[in-house]
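One structure below.
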Amino acid sequence: MNRIEKKLLTKRFGIIDPMSIEDYLSLGGYAALQKALKTTPHAVVEEIKASGLRGRGGAAFPVGQKMEAVQKAKSGVKYIICNADEGEPGNFKDRYLMENDPHQIIEGMAISAYAVGAAKGYVFIRGEYSRSVYVMDNAIKAAKEKGFLGKNILGSGMDFDIEIYTGAGSYVCGEEFALMLCIEGNPARSTFKPPFPTAEGLYGKPTQINNVESFANLPHVIQDGAQEFAKIGTKHSKGTKLVSLCGNVREKGLYEVPFGVRLWEIIEELGRGVQGSIRMVQVGGASGPVLPPNMLGIKLDYKDFADNGMSLGSGAVIVIDTANEVLDIVRNTLEFFRHESCGKCTPCREGIVHLLIILDRFMLGEAEKKDLELLKTLIQAIEDTSICGLGQAAPTALKTAMRYFPEVFAAGIKKRSAKAI
Amino acid sequence: MLLNEIIREKGKTPDKLLSVLIEYQKTKNRNYLTNEDLKEVAQKMGLPESRVYSVATFYSLLSTKPRGKYVIQLCRDVPCYVNGAFDVREELETALQITMGETTKDGLFSLEYASCLGCCEQAPVIRIDQKVYGNLNRKKLAEIISDYRRL
């Protein structure tokens with residue numbers, strides 16, 4: 001193993017047969033669930049809270065806090081949803097988790113169900129992930145046969161069942177409300193928050209919805225204990241992070257590292273660098289910031305990113321070499337959002353189109369100086385007034401490109417106009 | 001008849017609508033559902049036609065226009081883009097004599113863009129009939145196309 005890797009969630013990858021529950025059991029599988037069932041739901045939530053585990057889907061909300069809210073919500077019916085609608089360009093970690101160690105996720109969901117008092121769970125898998133659906137379906141059936149799912153789990157009196165729900169090609173389904181509307185049989189057009197899913201989620205009932213990687217962490221927190229878990233990572237970011245490394249690096253692939261590793265270490269030591277030189281790195285996927293080469297000393301850490309006015313996102317690292325131009329990449333990213341916008345709210349539906357129109361003026365060298373201000377105003381409006389995270393994050397690449405590559409935009413301004421001002 | 005079986009297997013509640021539509025579309029040779037198909041689904045599931053239509057036209061894996069027997073989805077997002085996705089497009093368009101969004105005259109292939117297929121470590125990738133093909137180059141593409149032609 002490499003110096004900077006730390007295998008926790010991926011430690012069984014390639015060692016166990018993902019289609020065999022016996023393999024998972026032989027390496028201590030479902031021991032965390034049994035341990036959890038011997039304590040109280042309250043104690044489980046406290047343990048998760050103490051671990052400092054934060055959601056791995058991109059928003060980084062503390063998992064224990066979310067569970068506590070659902071646990072305290074007064075309702076006879078509660079749901080667990082595992083968000084496996086991985087569609088953020090550059091990300092493939094959830095697919096690897098599902099296809100290499102499916103029971104780890106199921107165990108995490110069952111621990112959650114016990115803690116919050118839910119009897120029904122869904123794994124929402126995007127329609128394109130045929131193999132993931134196949135492996136997860138097999139694992140759920142096997143877990144039922146062995147009594148880790150179903151009625152009276154391991155004699156504890158707890159009932160919990162998981163159903164797979166398959167999406168049908170829509171990025172916005174990854175947004176939690178859009179996802180729940182999809183399960184209910186509607187087009188996935190999100191809605192205003194609050195109320196949050198923890199209070200009124202699926203079918204209006206309290207719902208714990210978390211990313212695949214978040215659930216996969218739970219058995220480790222319970223089995224190793226919060227204290228042990230919190231030893232991995234940094235002061236503000238506990239545990240490991242799966243990194244989907246792609247783009248122009250030599251060794252593309254999935255890597256697991258402790259929080260605190262620097263971006264250049266991931267790119268150079270794990271990805272073995274690029275063939276030419278790096279133009280920029282997009283972190284987190286299409287909704288994430290683009291960084292210039294001189295900023296790659298930034299740590300994989302929620303606080304380090306926040307201090308730089310950015311968020312870490314879901315952990316994709318897309319390395320782009322100098323054969324590509326900044327504006328082409330930004331344009332590609334905006335095109336993605338234009339296509340995936342659900343069309344419900346105006347700032348996202350119309351705003352992105354206008355960002356593209358103005359950006360094209362820069363690409364043709366025909367922009368006016370005032371177009372810079374126009375872009376900034378429009379970016380602010382889209383971020384502030386879009387209903388869901390898709391719209392709010394759509395201009396991030398453009399915004400950070402304007403911040404870190406101002407010369408590229410300056411070069412797109414018409415000569416005469418620049419002189420006049 | 002077929003639709004009845006699908007509904008019996010999947011269920012009749014609104015949360016099964018999407019999977020019923022997907023399964024029903026799979027039974028169609030040209031990979032799409034007509035307005036009559038959608039009306040039939042609405043009637044048999046006891047849902048308003050407007051709801052069935054809105055779901056069928058929202059999701060990109062469903063189509064209300066005829067497509068080829070094999071829909072070739074090409075990812076063009078950044079990880080594939082910087083690894084030559086547009087060279088793949090050129091190869092495909094030349095080999096099939098159609099442009100993106102079109103279907104070959106024999107009704108065998110359609111070309112579509114897809115949003116990220118989650119296989120960025122194998123970029124550039126295409127997906128045909130639930131199968132992903134990655135690390136593409138000219139030779140590999142030609143082989144894939146001729147394999148599907150022979151099927």
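On a predicted model such as this, the values are computed, not experimentally measured, just so you know.
At a 4.5 Å heavy-atom cutoff, the contact between A/R126 and chain B is made by side-chain atoms alone. For A/Y203, the part sitting under 4.5 Å from any heavy atom of chain B is the side chain, from C-beta outward, and nothing else. For a residue to count as touching a neighbouring chain, one of its non-hydrogen atoms must lie under 4.5 Å from one of that chain's; by this rule A/N186 touches chain B with backbone and side chain alike. If you measure heavy-atom distances from A/E128 to chain B, the contacts under 4.5 Å come from both the backbone and the side chain. At a 4.5 Å heavy-atom cutoff, the contact between A/V172 and chain B is made by side-chain atoms alone.
Interface remark: of the candidates A/E335, A/H339, A/R189, A/R189 forms the most heavy-atom pairs closer than 4.5 Å to chain B. Looking only at heavy-atom pairs under 4.5 Å with chain B, the residue among A/A323, A/S170, A/G87, A/G167 that has the most is A/S170.
By the 4.5 Å heavy-atom criterion applied to side chains, B/V78 and A/T333 are counted as neighbours.
B/K140 is linked by a side-chain hydrogen bond (donor to acceptor under 3.5 Å, both in side chains) to nothing, counting only residues two or more places apart in sequence or in another chain. Scored by the side-chain hydrogen bond (donor to acceptor under 3.5 Å, both in side chains) test, B/T103 finds B/S110 as partners (sequence neighbours excluded).
For residues 83-94 of chain B, a heavy-atom distance under 4.5 Å to chain A picks out B/N83, given by residue number. Heavy-atom neighbours of chain B within the stretch residues 282-289 of chain A, taken at a separation under 4.5 angstrom, comprise A/Q282.
Checked by atom type and distance alone, the side chain of A/Y165 never pairs as donor or acceptor with a backbone atom of B/S19 at under 3.5 Å. The main-chain N or O of A/F336 is never found under 3.5 Å from a side-chain atom of B/D77 such that the two would form a donor-acceptor pair. Here the side chain of A/R95 pairs no donor or acceptor atom with the backbone of B/L117 at under 3.5 angstrom.
Between B/K16 and A/E163, at least one side-chain nitrogen of the basic residue sits less than 4.0 Å from a carboxylate oxygen of the acidic one, meeting the salt-bridge criterion.
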